[in-house]
Amino acid sequence: MNTTLSAVGGVPGPAKDIRVSRALGKRRHRINTMVKALCVLATALGMVLLGSILLTLIWRGASGLSLSVFTTVTKPPGSGGGLLNAIVGTLIQTVIGTAVGTPIGLMVGTYLAEYGHNSALANAVRFVSDVLLSAPSILIGLFVYQLAVEPFGGFSGAAGCMALAILVIPIVVRTTEDMLRLITPSLREAAIGLGAPKWKVIVLICYRAAMDGIVTGVLLAVARIAGETAPLLFTSLGNLNWSVSLDQPMASLPVTIYQYAGSAFDDWVQLAWVGALLITFGVLAINIVARLVLRRGK
Amino acid sequence: MPGRGDHEGIFGPVQQAVVPGVTSGSAAKFRPGDPIFAALARASGVFVLLLLGSLIMSLFIGGIPAFRKFGLGFLVSTTWNPVKEVFGAGVSIYGTVMTAVLSMILAVPLAFGIAFYLTELAPAWLKRPVGTAVELLAAVPSIIYGMWGFFVIVPLMSQYVEPTLIDLFDGIPILEDMFAGPPFGTGIFTAALILTVMVVPFIAATMRDVFETVPPVFKESAYGLGCTTWEVMRSIVTPYTRVSVIGGIMLGFGRALGETMAVTFVIGNSSHISASLFSAGNTIASIVALEFPESPSGSLKLSALLALGFILFVISFIVLAISRTLLRPKLKV
């Protein structure tokens, strides 16, 4: 820092040797160019990695895409089969997980933004929600295993939904609180001035004004849980047969990918790539939609 | 409300309250909506507290048999022998911390470069697409990183990178031992590489957001003095955002510690510690994912896995708490 400042200050000084100044300036510019080049390189590397992942998925997955992937259930190696039960299982668990987690997250976010503010309880809730947001998802799986699998004697789709719902809550809490805080006080004051009770102000005015942000949060939560594997390993376990019953083990795309990718059978590995292609582009598409929703609001 | 009928407003009869004088009667009327809604909101907040509390308790209670059997030695013991029912967390804790720290060493400069590029260097038309691409990279499910790592990176490592590094460091003390052994492609080093790719977008996105909180006046003054872009970055932006940047790095560190699927694919799963970074190992998350199916309910092994989960939770809790304390003032992360 000192060298920088003296170098900068040195240039206009009358007593300084002009050659020294020029050499310093050259050195500074050389370093600047070098760092800039490294940064461009780092960014290019990031883009190459994203490209590599997407291209690998397309290259390996697209060749296995066919109608039977969507119409047949998983079968033993060598006898064809598709991913129908895994796709349906992922849809069921994602939808239920989101449906259960969203209202809770919404209420917690409302509590933080509208009631708790900076009270001790609100700060504790905010902290805990942040911890849940970044806590390793495998631990959520272990927790739900202890809570809903072991006592009830078996893996079940319901337990999977529960684990996913727990993952949804903190994401929705974060976006809901942030969005509610962005609403101008005058909007609330206008509604209160009309004599509306607080809960009606929140539900009818604030939620409506924050709708884009809240929807973005829910979409991001969907994108996150749709691709989760670790919490489902110990809860819904996966199921190679057709089952939509919530009290039975339930298949899901990520768990099926995990089982198939590590197998020794070529057709299973191929199906794993197809599943990976589907889940990745599905998740990225939801992410892009979420961003568009948020941008529309601005 | 104008344009609608007097009694059709969204607040229904409440609208009469607007008119002063007429209101006294309706204002005194008992409305249960508010207290119910407030109680519901507060209850949801308390529910989240209970959720985390019971998460910790369930892991701890599940781990009690293992803690009781092996005592504090569980934390440092490097034995993991399911046949003899002797379990220790040493190897997994070492693997978890080692992979996460290595990935941070690689990820921080990369993320800094990307964040620097996005805030100062990128032309306006590139900022948004590149920024979105970085965020999308963070959204790719971790199992995809695992597959990509296993089928794309592992072969590259075993054929090119690892033999080259082994030859390069041959004969240099310490480094020779760190980069030794048969180049299988899987192992701690590869796991750290995959983790790097996974956490770079997180750290870069946080850093970019933090860098953008620097008041433009500061930067403009420095540019006005003749500073180069790098000097502005080093002497103005970095000192101003130092605390939050460290918070962002800790956030990435927390993710790297608990990452399961991607690591499980490439770490090779072995319960031995070796000086070489190319040797197989395991992390807490990977051993839990891999060994869980062979741990019947009620067994000592399951208890040991739950105890491992508890340890992982404590480690990531501390890291996340630090990250949050550092980030809070500048950003809500």
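On a predicted model such as this, the values are computed, not experimentally measured, just so you know.
- Taking each heavy atom of V108(A) and G45(B) in turn, the nearest pair found is CG2-N, 4.0 Å.
- Looking only at side-chain heavy atoms (C-beta outward), I53(A) and I144(B) come within less than 4.5 Å of each other.
- In terms of modelled atom types and a separation under 3.5 Å, the side chain of N32(A) and the main chain of W230(B) share a donor-acceptor contact.
- Heavy atoms closer than 4.5 Å to chain B are found in the side chain of F155(A), but not in its backbone.
- Between F234(A) and F292(B), the angle of the ring planes lies from 30° to 60°, which puts this pair in the tilted group.
- With a threshold of 4.5 angstrom between heavy atoms, L106(A) does not approach chain B through any atom at all.
- The closest side-chain heavy-atom distance from Q146(A) to M57(B) is not below 4.5 Å.
- For chain B, the nearby parts of S52(A) are the backbone and the side chain; heavy atoms of each come within less than 4.5 Å.
- Contact of V130(B) with chain A is made through backbone and side chain together, with heavy-atom distances under 4.5 Å.
- Both the backbone and the side chain of L50(A) come within less than 4.5 Å of a heavy atom of chain B.
- For the side-chain contact (heavy atoms from CB on, under 4.5 Å) with V131(A), the lone residue among L52(B), V48(B), L55(B) that qualifies is L52(B).
- For G226(B) against R28(A), the heavy-atom pair with the smallest separation is O-NH2, 2.9 Å.
- Residue L45(A) touches chain B through its side chain alone, counting heavy-atom pairs closer than 4.5 Å.
- The shortest distance between side-chain heavy atoms of R291(A) and E135(B) falls below 4.5 Å.
- Here the side chains of L320(B) and L133(A) are not in contact, with every heavy-atom distance at 4.5 Å or above.
- Only the side chain of V283(A) comes within less than 4.5 Å of a heavy atom in chain B; its backbone stays farther off.
- When heavy atoms are compared at a cutoff of 4.5 Å, Y145(A) approaches chain B solely by way of its side chain, counted from C-beta outward.
- Rounding to the nearest 0.5 Å places CD1 of I288(A) at 5.0 Å from CG of L136(B).
- Of the two parts of I202(A), only the side chain, counted from C-beta on, holds a non-hydrogen atom closer than 4.5 Å to a non-hydrogen atom of chain B.
- In this structure, Y115(A) and F37(B) have tilted ring planes: the angle between them lies in the 30° to 60° band.
- E150(A) is listed as a side-chain neighbour of L302(B), based on a closest heavy-atom distance under 4.5 Å.
- When each of V134(B), T264(B), T229(B) is checked for heavy-atom pairs under 4.5 Å with chain A, T229(B) comes out on top.
- When L305(B), L40(B), L49(B) are compared by the number of non-hydrogen pairs under 4.5 Å with chain A, L49(B) comes out ahead.
- Contacts of T132(B) with chain A are made by side-chain atoms alone, with heavy-atom separations under 4.5 Å and no backbone atom involved.
- I114(B) is not listed as a side-chain neighbour of C39(A), based on a closest heavy-atom distance of 4.5 Å or more.
- Side-chain atoms of M147(B) and W273(A), non-hydrogen and from C-beta on, do get closer than 4.5 Å to each other.
- With a threshold of 4.5 angstrom between heavy atoms, A223(A) does not approach chain B through any atom at all.
- In terms of heavy-atom pairs under 4.5 Å with chain A, the best-connected choice from G258(B), A41(B), A204(B) is A41(B).
- Heavy-atom minimum distance, F151(B) versus R60(A): O-NH2, 3.8 Å.
- Closest of all the heavy-atom pairs between A289(B) and L233(A) is CB-CD1, 4.1 Å.
- Interface remark: S134(A) contributes backbone and side-chain atoms alike to the contact with chain B (heavy atom separation under 4.5 Å).
- When side chains are defined from C-beta on, W148(B) counts as touching L49(A), because their heavy atoms get closer than 4.5 Å.
- Neither the backbone nor the side chain of A122(A) comes within less than 4.5 Å of any heavy atom of chain B.
- For P141(B) against G227(A), the heavy-atom pair with the smallest separation is CB-O, 3.6 Å.
- Listed by chain and number, the residues in a side-chain contact (heavy atoms from CB on, under 4.5 Å) with A138(B) are P201(B), F202(B) (sequence neighbours excluded).
- The pair D34(B)-K198(A) fails the salt-bridge criterion, with no side-chain N (NZ, NE, NH1 or NH2) lying under 4.0 Å from an Asp/Glu carboxylate O.
- Chain A forms more heavy-atom pairs under 4.5 Å with one residue of A285(B), A321(B), S142(B), S58(B) than with any other, namely S58(B).
- Proximity to chain B (any heavy atom under 4.5 Å) is restricted, for V203(A), to the side chain, taken from C-beta onward.
- Aromatic pair F143(A)/F313(B): centroids not less than 6.0 angstrom apart.
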